[in-house]
Every structure is written in structure tokens, then in C-alpha cells.
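In what follows, a single structure is set out as C-alpha cells and then discussed.
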Protein chains: 2
Amino acid sequence: MIKLKIAELLSSDQFLQEVEVNGWVRAFRSNRFIAVNDGSTINNLQCVIDFENTKEETLKRINIGAAIKVVGTLKESVGSQQSVEVEVKSIEILGDANPEEVKLTILSPKRHSLEKLREQAHLRIRTNTFGAVMRVRSKLSFAVHSYFQKNNFHYVNTPIITGSDAEGAGEMFKVTSFDLKNPPKNEDGSIDYKKDFFGKETNLTVSGQLEAETYALGLGQVYTFGPTFRAENSNTSRHLAEFWMIEPEVAFCDLDGNMDLAEDFIKYVVKYVLEHCKDDLEFLDKRHEEEEKSKPQVERSEMSLLKKLEFVTENNFKRVSYTEAIDILKNSKPNKKKKFQYPIEDWGTDLQSEHERFLVEKHFKCPVILFDYPANIKAFYMRLNEDGKTVRAMDILFPGIGEIVGGSQREERLDVLKEKMKALDIDEEELWWYLDTRKFGTCVHSGFGLGFERLVLFVTGMTNIRDVIPFPRTPQNAEF
Amino acid sequence: MIKLKIAELLSSDQFLQEVEVNGWVRAFRSNRFIAVNDGSTINNLQCVIDFENTKEETLKRINIGAAIKVVGTLKESVGSQQSVEVEVKSIEILGDANPEEVKLTILSPKRHSLEKLREQAHLRIRTNTFGAVMRVRSKLSFAVHSYFQKNNFHYVNTPIITGSDAEGAGEMFKVTSFDLKNPPKNEDGSIDYKKDFFGKETNLTVSGQLEAETYALGLGQVYTFGPTFRAENSNTSRHLAEFWMIEPEVAFCDLDGNMDLAEDFIKYVVKYVLEHCKDDLEFLDKRHEEEEKSKPQVERSEMSLLKKLEFVTENNFKRVSYTEAIDILKNSKPNKKKKFQYPIEDWGTDLQSEHERFLVEKHFKCPVILFDYPANIKAFYMRLNEDGKTVRAMDILFPGIGEIVGGSQREERLDVLKEKMKALDIDEEELWWYLDTRKFGTCVHSGFGLGFERLVLFVTGMTNIRDVIPFPRTPQNAEF
């Protein structure tokens with residue numbers, strides 16, 4: 001007897017073989033046809049039972065959500081819906097699902113809103129949409145590792161709990177083992193962190209970049225892929241308090257090399273899922289099409305999900321300097337007609353989401369890499385250009401998603417870096433180890449950060465970032 | 001001109017080609033031979049300069065730790081130390097390393113203790129030992145992903161910040177965005193967690209198992225690979241406050257299948273690094289041999305590092321029930337001679353490290369899987385056996401490392417699980433979602449957790465867990 005996953009059975013041609021299948025009932029019609037799913041594929045296996053010779057009691061227990069074990073014969077299917085089916089010889093109910101109780105959950109067979117599904121994040125994985133999204137997410141993760149490993153990058157696990165609060169990417173969560181009701185205090189009333197677990201104040205990391213830089217300056221090229229955190233009260237469809245980030249860091253690589261790497265990387269991983277997640281992406285493509293239909297005509301995307309993914313792999317990203325972008329925006333229709341909430345007047349202002357969307361979705365109609373931003377709107381560690389006012393920073397903007405990558409060439413000159421830190425009041429003593437990398441064999445080096453969930457959003461066509469991570473963490477929500 | 005990594009150049013036979021190499025000086029002798037390393041391999045590239053035609057000023061700057069760019073001709077080496085070398089045409093100092101300052105760091109060319117190296121964890125990656133360990137760690141990570149992906153497991157990112165404190169694996173760190181000096185309080189003096197970021201008390205996860213189970217019961221077979229935390233004051237060579245854990249979870253799989261999976265998995269990843277990290281493992285093998293020589297004869301391991309790794313891939317792990325193990329220990333010499341600190345008297349006591357070591361290192365002399373432990377020394381979610389007193393738990397014990405895997409078949413019966421939780425005073429309401437998995441299509445399922453750093457310890461032959469993670473977090477230490 002063959003015990004195979006449904007994904008394998010569906011592409012099998014070993015007809016008349018006896019097979020064993022374990023899975024969950026997705027549908028049961030005419031007291032004969034059971035659609036069984038085991039999570040290995042979006043597609044169900046049709047199991048045909050001989051209802052006359054099946055006990056009444058068993059038939060009653062073949063409910064949606066029940067776990068069953070089926071033994072039967074693999075046959076070419078007569079229906080057009082599927083290529084193979086199983087003629088059931090025996091069926092065993094492994095775990096029941098009481099229809100009255102199922103009715104109260106999102107497992108009940110009707111359309112539930114994504115909001116509702118989020119409230120039952122432990123069950124939504126049993127729906128077609130979330131099965132597809134999470135399988136794609138898994139394959140996309142593996143594509144990330146595969147890309148870097150085949151290009152001789154070394155994976156580095158930078159610390160999650162950090163003693164540094166100078167990572168500069170946003171508000172941090174505190175980590176402590178104190179009893180919050182009564183933490184030990186110094187004589188002056190301040191908290192006595194010497195008595196805390198780590199003997200100092202600690203936070204959850206917002207970026208592994210600074211630590212990754214120390215590793216790049218030893219191992220040459222490295223990447224991180226781990227969780228990062230923001231204690232920011234952003235209740236939007238693009239922000240999570242806990243998300244996964246990919247941060248490559250490369251020695252002897254300037255900003256041009258960094259842009260090449262980011263573009264090549266994104267194209268590789270998108271191509272990878274196009275090849276390895278055909279069924280799931282076709283399902284998500286149809287889902288996306290349905291969703292688009294419910295939108296007003298002007299808001300619909302011009303391309304289907306699959307077309308959009310192919311477009312990204314086949315076309316060059318447009319590279320535009322911040323200065324050029326400001327010119328384009330200044331002279332754009334929405335700016336002249338005062339349609340922007342934040343009108344573009346002068347060089348030096350930070351771009352808002354509305355500006356980025358205009359550039360990507362209306363003007364260039366393709367992914368855009370903006371580079372050479374004004375120094376004073378970017379982080380302390382970015383390489384100052386010879387003009388003294390811009391830095392070698394780059395952001396990659398994607399249609400529908402906005403910023404998906406932020407990176408830069410790093411300031412490798414000790415004196416310039418120290419001056420910048422002084423100006424921004426960043427403690428040299430706290431970053432002594434970071435400064436050491438500029439003292440001993442410093443070199444041109446670059447890196448970027450890519451928010452993994454934003455990439456999953458793009459690839460799956462989902463629109464809320466809470467729907468592409470298993471158990472989202474957002475303000476007022478840490479359920480499960 | 002070819003720009004290649006040193007790992008590629010060293011195996012190249014494109015002699016007489018002009019090449020460019022970027023890297024760091026590891027040694028410079030006779031004012032002629034520079035040993036350059038770029039992190040891509042443990043091996044250095046010998047670059048031979050024509051010192052008569054090189055400026056005095058440049059020669060002075062070729063110091064250990066400096067970053068240099070060399071352009072020259074690739075030649076077959078005359079020395080026996082290496083197969084190729086580069087005859088330098090031009091050399092550029094990219095980043096200096098002042099010898100006086102280098103002297104104060106672990107980059108100085110003498111033997112530093114591992115303790116000393118830990119204090120400069122940002123620089124230790126530039127040493128041979130840590131370069132090798134971290135390259136092996138990276139490859140081992142990829143082997144983990146490769147194994148599960150090729151076996152159709154789906155990667156799941158379970159939450160790091162958890163609202164649950166019932167994971168039951170140990171003390172937890174608190175996560176908050178409160179000002180610790182003055183957190184909001186309720187009238188009764190307790191902390192008002194409703195006002196905290198997540199609207200409830202939150203902690204850092206100690207295990208993703210419970211969430212992974214909900215995913216296994218939808219996707220069939222999943223694995224996690226992410227950071228986990230213990231706020232335990234364990235200052236040992238085997239404990240970290242922050243470490244990476246791998247947790248597969250499989251539906252329709254019992255404890256035997258679970259043991260098969262764990263054994264097959266470990267053999268695969270060890271085989272993978274034996275194939276892909278030859279140079280680094282040979283270096284670590286020699287290093288291990290040296291270390292052993294400094295130990296008293298009786299403490300030395302009988303096998304070299306490489307032999308030990310091959311042994312694991314080629315031999316079956318010994319499977320022994322807890323009850324058999326107790327019998328063996330009870331009748332063992334050290335027990336009879338009262339050499340154990342904790343003498344073995346009765347069935348039911350937890351095994352100590354000394355007992356595990358005896359079984360693995362003295363009695364069986366191979367990896368051992370212990371299974372069917374007494375219920376009362378194991379977690380609430382483990383499947384009760386028909387005997388009513390043991391559970392379907394298993395631990396894998398490795399020579400020199402101790403417990404490397406802990407797993408079990410999970411209790412899939414709602415009533416038994418609830419009873420157990422009641423007995424242990426675990427709040428049903430808090431784990432409502434976990435109980436749901438037993439209400440809707442429950443099934444036999446199993447999983448295990450493997451501490452990644454313990455695996456890296458075993459594979460690299462290092463002896464302190466702080467030396468196999470880039471920036472270790474331990475009591476009183478969260479530097480970098």
C-alpha cells in the first residue's frame with residue numbers, strides 16, 4: 001500500500017494501486033464524494049464512497065473539518081474537475097468536527113471576511129486562501145536562503161535582545177525580567193538596571209545591520225533573516241509590531257553593486273515562487289481578480305497578479321536620483337493641481353507615500369529605485385557623497401506596496417562617521433565596537449533591509465500585512 | 001580582469017589571468033608574501049609583491065588587519081603550502097590597521113583565550129576558528145531548511161512576542177513599552193496591562209510548538225526555525241538566554257515516526273556539512289585534536305571530530321525506554337559504587353546530566369533516544385500511554401552535548417488534555433485556541449524541538465555554547 005501526500009497522489013499515474021490518505025474533510029456531497037485536503041496542496045482529493053455499504057453512523061460523522069483516514073484504490077477520475085480519485089474501501093474517522101460547533105467558527109462553509117478570519121488565526125490556515133498564502137510564504141523563505149547560499153553569502157543570526165538603543169530605525173520594546181510592580185531602584189529614583197537579567201537596559205532589535213556589518217568585515221558577504229520589532233502605534237495595513245527582515249551586508253561593494261544585488265535578489269525569489277508555487281499562485285491570481293472586480297474601475301490594477309510577477313522578473317527597475325524625483329514630482333499634475341496632501345516645494349523634504357505611489361504607479365509604472373537622498377533625512381551610518389549634502393542611500397518602491405527595500409552604502413571613514421554621530425548626539429562609547437570596524441581594515445561596504453512580509457504581500461496579492469504572517473502582532477493584539 | 005572570491009581563486013586553474021582580490025591582511029612576511037583572507041574560505045591567498053618596486057610608504061601600511069585591494073597575475077604556486085598565488089602588479093591600501101592599536105585587540109597575532117575573544121565578539125569573526133565555526137553554522141542552517149523543504153514541510157514563523165505564558169518550557173522575559181519607572185496601575189496597585197502596547201501582559205516565546213501544532217493541523221507538516229528565550233540564571237557552557245530552535249510538527253505521525261524523523265534529519269544535516277564544509281571541518285578537526293591533547297588522558301574523546309561526525313551519519317541511534325534506562329543505571333557500577341551525585345533508586349525520578357552522560361558515553365557509546373518517560377516529569381501536552389503513567393515523550397542524547405532533541409507525540413484527546421491541564425492548573429481560557437485543534441478534526445500528531453546551537457557545538461567540536469552564536473546573550477551580558 002502506498003501512503004502519499006495528496007500533492008503527490010494528484011500527479012500520480014499509478015492507477016489501481018491501493019493507497020492510504022490522511023486529511024481533513026473540506027466538503028461532502030451526495031453522500032458519496034468527499035473532498036479531502038491534507039495541506040500539501042491547494043487541491044483536494046476526491047474520495048468516492050460506496051454509501052450503500054457504509055454505516056449510517058460513519059456517514060453522519062463525515063463532516064466538514066473532520067480528520068479522516070481513507071484506504072482505497074487510485075483511479076483515473078471520470079469527472080473533469082480532477083485527474084485522479086480514490087475509490088474508498090475503508091474509511092475511519094480520526095477526529096470529529098461537530099457541525100453545530102463548526103458553525104460558530106470560520107470553518108463553516110460560507111464566505112468570511114478577512115477580519116473575521118484574523119480572529120481565528122489558528123483555524124484560518126485550514127482555508128484555501130491562507131493555505132495558499134502560507135505555502136507561498138514558506139517557499140519564498142527558502143528562495144531567500146537559496147539565493148544567498150548559492151551566491152556564497154553566509155547566514156548570520158544577529159541578536160534579538162540588544163543592549164544598544166542606537167540602531168536608529170524606530171521605537172523599541174523593552175525586555176526585562178523585573179517584576180514591573182516593584183523594580184529595584186537607585187537612590188535617585190531611577191531604575192537599577194544593574195540588577196536586571198542582563199545587568200543593563202535591553203530592547204528588542206529594530207535591525208541587525210550594525211552587527212551584520214561587523215560580520216561582513218570578516219566573512220565578506222553575509223545576510224540576516226530574522227524577526228525585528230517596532231513599538232510604534234501604527235495601525236495600518238502595512239505595519240506590524242513584529243516582522244521578519246532580510247538584511248544582506250557586503251564588503252567591497254558600493255551603492256551601485258548594492259542596487260544590482262537587491263534587484264537580482266528580488267527577481268530570483270519571484271521567479272522561484274513562479275516556478276515552485278504554480279497551483280497556489282493560480283488560485284491567488286483568481287482570488288485577486290475577484291477582489292479587483294469589487295473595486296471602482298479607477299482603482300483596479302492594470303495587471304493580473306501573475307502578470308505583475310512576471311513583469312517584475314522581466315523588466316529592469318527604474319533607477320532615479322532623489323533630485324530627479326523631486327523635479328518630476330514638482331512638475332507633476334497632482335502637485336500643480338494641489339492634489340498632494342503634502343505639496344512638493346523644495347529639495348530636501350522627505351517623500352510621503354502619496355509621492356512614492358505617484359512615481360511608481362502613475363509616472364514610471366514599474367519598480368523604482370530612488371537613490372542619493374538628502375543626508376538630513378537619512379540615518380547616521382550612510383555614506384556622505386562628495387557634494388556634502390546627499391548620502392548614498394537607496395529605497396526600492398513597489399507598485400501597491402510602497403517601500404519594500406531600504407539600503408545604503410555605509411560610511412566607512414572613521415572621522416566622518418564620528419562627526420555625524422556627534423552631530424546627532426549618538427554615544428560613541430555605546431557603539432565602540434561599531435567604530436572598531438572603521439579602525440581596523442575599513443572598506444567600502446553596503447547593504448539593505450527588505451521587509452519579508454511586504455514581499456509576501458506583493459507576491460500573494462493580499463492587501464493587509466496581517467494576512468501574510470501566521471499570528472500578527474499589532475497595537476492591542478498579541479492573541480495566540 | 002577576473003574579480004573572484006578567494007575560495008574560487010584557490011580552486012581555479014586559469015593561470016596567467018589578471019585578477020583582482022579584495023581582502024584583509026592576515027600575515028606579511030619577508031616584506032614579500034602577503035596572506036590575504038576575504039572570509040569566503042579558511043584558506044588565505046598568497047600574494048607576492050615585488051618589494052623593490054613597491055613604495056616604502058605602502059610597505060609600511062601592509063599590516064595585519066588592513067584591508068587591501070590587489071591586482072595581479074594568477075600563477076601556479078612554487079611553495080607547497082598552496083596551489084595558486086598572485087604575483088602582484090598593484091596594491092592599494094583600502095583601510096589601515098594601526099599596529100599599535102591592533103596590539104590592544106584580539107587581532108594581534110598571538111593565541112588568545114576563547115574568553116578574551118568573547119569580549120571582542122565583533123572582531124573574533126576575523127580569526128580562523130570563528131570564521132570556520134560561523135561558516136559551518138551558516139551551512140548547517142541551510143541544511144535544516146533544505147531537509148524540510150525537500151520533504152514537503154512548510155516553514156512557519158510562530159510569534160516571538162507571545163501573550164501566552166503557558167508554553168511551559170521555562171522562565172520568560174517580559175516585553176513592554178511601559179516606562180518602568182512609572183507604569184500605569186489599577187486601583188488595587190496591580191499593573192494596568194490594558195494600557196501596554198498589546199493591551200495585555202506579553203513575554204518572549206520559549207517555544208513555538210503550540211502555534212506550530214495549529215499549523216500542522218492545517219498544512220500537514222510544518223517546521224519552525226527561529227529564536228527562543230529563557231530568563232534562567234544558568235551560567236553554564238550549554239545554556240543561552242537567547243538561542244535558535246528548530247521545531248517540526250507533523251500531523252498523522254506517532255512517536256515512532258517522530259523518532260525516525262529526528263534521526264533522519266540529524267543524519268542529513270551532518271552529512272550535508274561533511275560534504276559542503278570540508279576545509280572548515282578539517283581545520284576544526286585539527287583544532288579539536290589540539291584541545292584534546294591538553295586534557296588528561298581519561299577525559300580525551302576516543303574519536304576525532306570528523307570520525308565522530310561520520311559515526312553519527314553511519315550508525316543507528318540506540319532507542320531505549322526510560323524504564324530500561326533506569327534498570328541499566330540502577331545496576332551500573334557508578335550507581336553501586338555511589339559515584340553518582342544523585343543515586344538512582346526508584347522508577348520515576350528525572351535523569352540528571354551525569355546519568356545521561358553515563359548512558360551515552362559509557363554504556364551505549366552512541367547517540368541514544370530515550371522514550372516513554374514518566375508522565376509527572378514531562379509537559380502537559382504529551383500523549384498519555386495506555387499504562388496511565390508514562391507519556392509518549394522522547395529525548396535524544398548526544399555524546400559530549402547531552403540533550404539535543406526533546407519531543408513527543410501530542411495528546412490529541414480533548415478530554416484527556418483538559419483533565420491534565422486542570423490537574424496542572426493551566427487556564428483553559430487562555431489556551432482556547434489550542435483546545436480548538438482537538439475539537440475540530442483532531443488527529444495523532446508529533447513533533448520535537450532541537451536546540452540549533454547544541455547541534456553547532458556538536459558539529460564544530462567547540463565546547464562552550466557562547467562560541468557558536470555570533471553575539472551570545474547570557475546572564476549579565478548583552479554587549480553589542
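Given the structure is predicted, the values throughout are model-derived calculations rather than measurements. Order of the sequence lines sets the chain letters (A, B, ...), proteins ahead of strands, with each chain counted from 1.
Under a 3.5 Å cut-off, the side chain of A:Lys174 and the backbone N or O of B:Val175 do not form any donor-acceptor pair. Between the B:Trp24 side chain and the A:Gly441 main chain, a donor and an acceptor come within less than 3.5 Å of each other. For A:Arg473 (side chain) and B:Ile161 (main-chain N/O), a donor-acceptor pair under 3.5 Å exists by modelled atom type. With hydrogens and angles disregarded, no donor-acceptor distance shorter than 3.5 Å links the side chain of B:Lys181 to the backbone of A:Gly189. With hydrogens and angles disregarded, a donor-acceptor distance shorter than 3.5 Å links the side chain of A:Gln476 to the backbone of B:Asp196.
Shortest non-hydrogen contact noted between A:Gly226 and B:Trp244 is CA-CH2, 4.3 Å. A:Ala67 approaches B:Phe252 most closely through the heavy-atom pair CB-CE2, 4.4 Å. Taking both residues in full, the closest heavy atoms of A:Ile125 and B:Gly218 are given as CG2-CA, 4.3 Å, listed atom of the first, atom of the second, then distance. Smallest separation of non-hydrogen atoms from B:Ala121 and A:Tyr215: O-CE1, 4.1 Å.
For B:Trp433, the parts sitting under 4.5 Å from any heavy atom of chain A are the backbone and the side chain alike. When heavy atoms are compared at a cutoff of 4.5 Å, B:Glu8 approaches chain A solely by way of its side chain, counted from C-beta outward. For A:Ser146, the parts lying under 4.5 angstrom from a heavy atom of chain B are both the backbone and the side chain. Proximity to chain A involves both the backbone and the side chain of B:Thr437, based on heavy atoms less than 4.5 angstrom apart. For B:Tyr223, no part sits under 4.5 Å from any heavy atom of chain A, backbone or side chain. When heavy atoms are compared at a cutoff of 4.5 Å, B:Ile64 does not approach chain A at all. Heavy atoms of B:Thr176 lying under 4.5 Å from chain A belong to its backbone as well as its side chain. Both the backbone and the side chain of B:Ile160 come within contact range of chain A, judged by heavy atoms closer than 4.5 Å. Heavy atoms closer than 4.5 Å to chain A are found nowhere in B:Asp192, neither backbone nor side chain. Using a 4.5 Å cut-off between heavy atoms, A:Lys5 contacts chain B through its side chain alone, with no backbone atom that close. For a residue to count as touching a neighbouring chain, one of its non-hydrogen atoms must lie under 4.5 Å from one of that chain's; by this rule A:Phe225 touches chain B with the backbone only. For chain B, the nearby part of A:Asp179 is the backbone; its heavy atoms alone come within less than 4.5 Å. Only the backbone of A:Glu119 comes within contact range of chain B, judged by heavy atoms closer than 4.5 Å. Only the backbone of B:Asp38 comes within less than 4.5 Å of a heavy atom in chain A; its side chain stays farther off. The contact between B:Ala251 and chain A is made entirely by side chain atoms (from C-beta outward), counting heavy-atom distances below 4.5 Å. Looking at A:Glu242, the atoms closer than 4.5 Å to chain B (heavy atoms on both sides) all sit in the side chain, from C-beta outward. Within the 4.5 angstrom heavy-atom criterion, no atom of B:Arg413 approaches chain A. If you measure heavy-atom distances from B:Asn22 to chain A, the contacts under 4.5 Å come from both the backbone and the side chain. Contact annotation for B:Lys185: only side-chain heavy atoms (C-beta onward) come within less than 4.5 Å of a heavy atom of chain A. In this structure, chain A has a heavy atom under 4.5 Å from the backbone of B:Thr474, while its side chain stays farther away.
Between B:His122 and A:Trp432, the angle of the ring planes goes over 60°, which puts this pair in the perpendicular group of the 30/60° scheme.
Here the CD atom belonging to B:Gln120 is positioned 12.0 Å from the OG1 atom belonging to A:Thr214, to the nearest 0.5 angstrom. Atom CG of A:Asn477 sits about 11.5 Å away from atom OG1 of B:Thr202, to the nearest 0.5 Å. Rounded to the nearest 0.5 angstrom, A:Thr105 OG1 and B:Phe440 CZ are separated by 5.0 Å. Separation of atoms CG (B:Leu94) and CD (A:Glu412) is listed at 9.5 Å; rounding is to 0.5 Å.
Highest contact tally toward chain A, considering only B:Pro227, B:Pro183, B:Ser177, is held by B:Pro227 [criterion: heavy-atom pairs under 4.5 Å]. Options A:Thr442, A:Leu414, A:Leu217, A:Asn63 differ in how many heavy-atom pairs under 4.5 Å they form with chain B, and the most are formed by A:Leu217. Heavy-atom pairs under 4.5 Å with chain A peak, among B:Ser190, B:Gly23, B:Ala7, B:Cys443, at B:Gly23. Taking B:Asp436, B:Thr127, B:Val156 one by one and counting their heavy-atom pairs under 4.5 Å with chain A, the maximum is reached by B:Asp436. Looking only at heavy-atom pairs under 4.5 Å with chain A, the residue among B:Ala231, B:Gly220, B:Ala66 that has the most is B:Ala231.
Residues B:Phe480 and A:Leu210 are not in side-chain contact: their nearest non-hydrogen atoms beyond the backbone lie 4.5 Å or more apart. A:Pro470 is not listed as a side-chain neighbour of B:Glu211, based on a closest heavy-atom distance of 4.5 Å or more. Using a 4.5 Å cut-off on side-chain heavy atoms (C-beta onward), B:Asp96 and A:Lys439 make no contact. With contacts defined as side-chain heavy-atom distances shorter than 4.5 Å, the pair A:Arg135/B:Leu219 qualifies. Put simply, the side chain of B:Asn157 reaches to within 4.5 Å of the side chain of A:Arg137, judged on heavy atoms. Two residues are said to be in side-chain contact when any heavy atoms from C-beta on lie closer than 4.5 Å; A:Tyr193 and B:Leu180 meet this criterion.
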Are A:Phe229 and B:Phe197 close enough, and set up right, to give a ring-ring contact (aromatic ring centres under 6.0 Å, His included), and what steps lead you there? CA-CA 12 Å; A:Phe229 306 84; B:Phe197 189 92; over 10 Å; no

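Note: B:Tyr155 and A:Phe142 fail the aromatic proximity criterion, with ring centroids not under 6.0 Å apart.
Looking at residues two or more places apart in sequence or on another chain, you find no ring-ring contact (aromatic ring centres under 6.0 Å, His included) involving B:His154. Under the rule for a side-chain contact (heavy atoms from CB on, under 4.5 Å), the partners of B:Asn233 that lie at least two apart in sequence or sit in another chain are B:Pro475.
Within a 6.0 Å radius of NZ in A:Lys200, more than 12 heavy atoms belonging to other residues, nucleotides or ligands are found.
Between the side chains of A:Gln149 and B:Ser138, at least one donor N or O lies within less than 3.5 Å of an accepting N or O. Checked by atom type, the side-chain pair A:Ser40/B:Gln221 shows no donor-acceptor distance below 3.5 Å.
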